[in-house]
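So the structure is just underneath, and the comments pick up after that.
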Amino acid sequence: MSDALIASSPRARGNELANKQVELLSIAQGFLPASALFALLRLGVFEMISDTERSVLDLAAETGSQPEHLARLLNAGVMLGLLETDDRIAYRMPADYQPLLVASDQPGYLGHWLRFMESWYKPFATLDQAVLQGGRTNMYTHDQAI
């Protein structure tokens, strides 16, 4: 069977469609990991567990959040590889992320840059409005004209 015939088969077209669906959904879901990362940063979770393991209850008390709600966010952090847990009760930070997210005196620290990137989050969520209104998607409210 020729390659052209195989490529034009319904099964191949179905695989091609499925691959494009996965590609498109991956783009659309890109905000989900960023949302979890930004929330963990805003709540100060990385600093709270930088060199120790802490329970959901301790972290909830320190952040002023409900334990069951915080647990969902912490588990999202685990799924992203930003946090670790053995029992879904106590959480710790992988050692290789500590200099990136906690140690602001380390050469690889990204906390400030990530917080700056978060400031782009809301403006870019309204990109369509900036296009329709002829303005700019900009986090600087004093500079809305093009």
Side-chain angles (χ1 to χ4, degrees), residues 3 6-7 10-146:
D3 289 342
I6 292 171
R11 184 175 186 160
R13 285 192 307 269
N15 287 341
E16 202 174 294
L17 175 64
N19 289 339
K20 284 297 181 188
Q21 288 174 323
V22 168
E23 181 183 329
L24 192 57
L25 289 172
S26 295
I27 292 169
Q29 294 171 348
F31 73 96
L32 296 171
S35 297
L37 172 60
F38 295 152
L40 289 165
L41 278 168
R42 276 193 310 274
L43 292 172
V45 169
F46 298 122
E47 289 84 0
M48 291 177 209
I49 63 172
S50 65
D51 57 358
T52 188
E53 190 171 82
R54 302 275 306 273
S55 75
V56 174
L57 293 176
D58 287 345
L59 293 168
E62 197 164 335
T63 61
S65 61
Q66 295 294 317
E68 62 273 10
H69 299 173
L70 182 61
R72 288 185 198 114
L73 177 62
L74 295 172
N75 289 327
V78 170
M79 289 175 47
L80 293 171
L82 301 171
L83 300 174
E84 297 174 334
T85 184
D86 296 323
D87 54 13
R88 291 184 168 195
I89 295 170
Y91 294 81
R92 64 188 171 278
M93 202 169 160
D96 53 340
Y97 277 111
Q98 289 179 8
L100 303 174
L101 294 167
V102 178
S104 61
D105 60 339
Q106 296 296 312
Y109 179 69
L110 291 174
H112 299 308
W113 180 250
L114 292 169
R115 285 178 176 88
F116 177 65
M117 289 180 71
E118 183 189 13
S119 70
W120 300 345
Y121 188 68
K122 285 184 182 177
F124 275 93
T126 59
L127 181 58
D128 60 321
Q129 294 303 308
V131 169
L132 290 171
Q133 296 169 7
R136 179 188 286 191
T137 295
N138 196 325
M139 65 275 223
Y140 306 109
T141 57
H142 66 276
D143 185 15
Q144 291 296 318
I146 293 181

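For the single chain, residues carry numbers from 1 onward in sequence order. The structure displayed is predicted, hence computed values, not measured ones. Values below: all heavy atoms of this structure, side chains included; hydrogens, waters and symmetry mates excluded.
- What you find for Pro67 and Val56 is that their closest heavy atoms are O-CG1, 3.4 Å.
- In this structure, Thr85 contributes its side chain and Ala90 its backbone to a donor-acceptor pair below 3.5 Å.
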Only distances under 3.5 Å count here; give the side-chain donor-acceptor pairs of residues 69-79 to other protein atoms, sequence neighbours excluded, each with its distance to 0.1 Å.
{"unit_1": "Asn75", "atom_1": "OD1", "unit_2": "Tyr91", "atom_2": "OH", "d": "2.7"}
{"unit_1": "Asn75", "atom_1": "ND2", "unit_2": "Ala71", "atom_2": "O", "d": "3.1"}

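- Surrounding CZ of Arg115 are more than 12 heavy atoms belonging to other residues, nucleotides or ligands, all under 6.0 Å away.
- The ring pair (Phe, Tyr, Trp, His ring centres under 6.0 Å) with Phe38 is formed by just one residue from the set Phe46, Trp120, Tyr121; it is Tyr121.
- In this structure, Thr126 contributes its side chain and Pro123 its backbone to a donor-acceptor pair below 3.5 Å.
- By the 30° and 60° cut-offs, the orientation of the rings of Phe116 relative to Trp113 is tilted.
- With a 4.5 Å cut-off on side-chain heavy atoms, Arg92 and Asp86 count as touching.
- If you take OG on Ser35 and CG on Leu40, they are separated by 11.0 Å, rounding to the nearest 0.5 Å.
- The heavy-atom pair separating Glu62 from Met48 by the smallest distance is OE2-CG, 3.5 Å.
- Summarising the geometry, atom CG belonging to Asp58 is positioned 11.5 Å from atom CD1 belonging to Ile49; distances are rounded to the nearest 0.5 Å.
- With rounding to the nearest 0.5 Å, the separation of CG in Asn15 from NZ in Lys20 is 13.5 Å.
- Side-chain contact between Leu114 and Leu101 is present, with heavy atoms from C-beta onward closer than 4.5 Å.
- Atoms CG and NE2, from Leu41 and His112 in turn, are 11.0 Å apart once rounded to the nearest 0.5 Å.
- The two residues Ala95 and Pro99 make their nearest non-hydrogen contact at O-CD, 3.3 Å.
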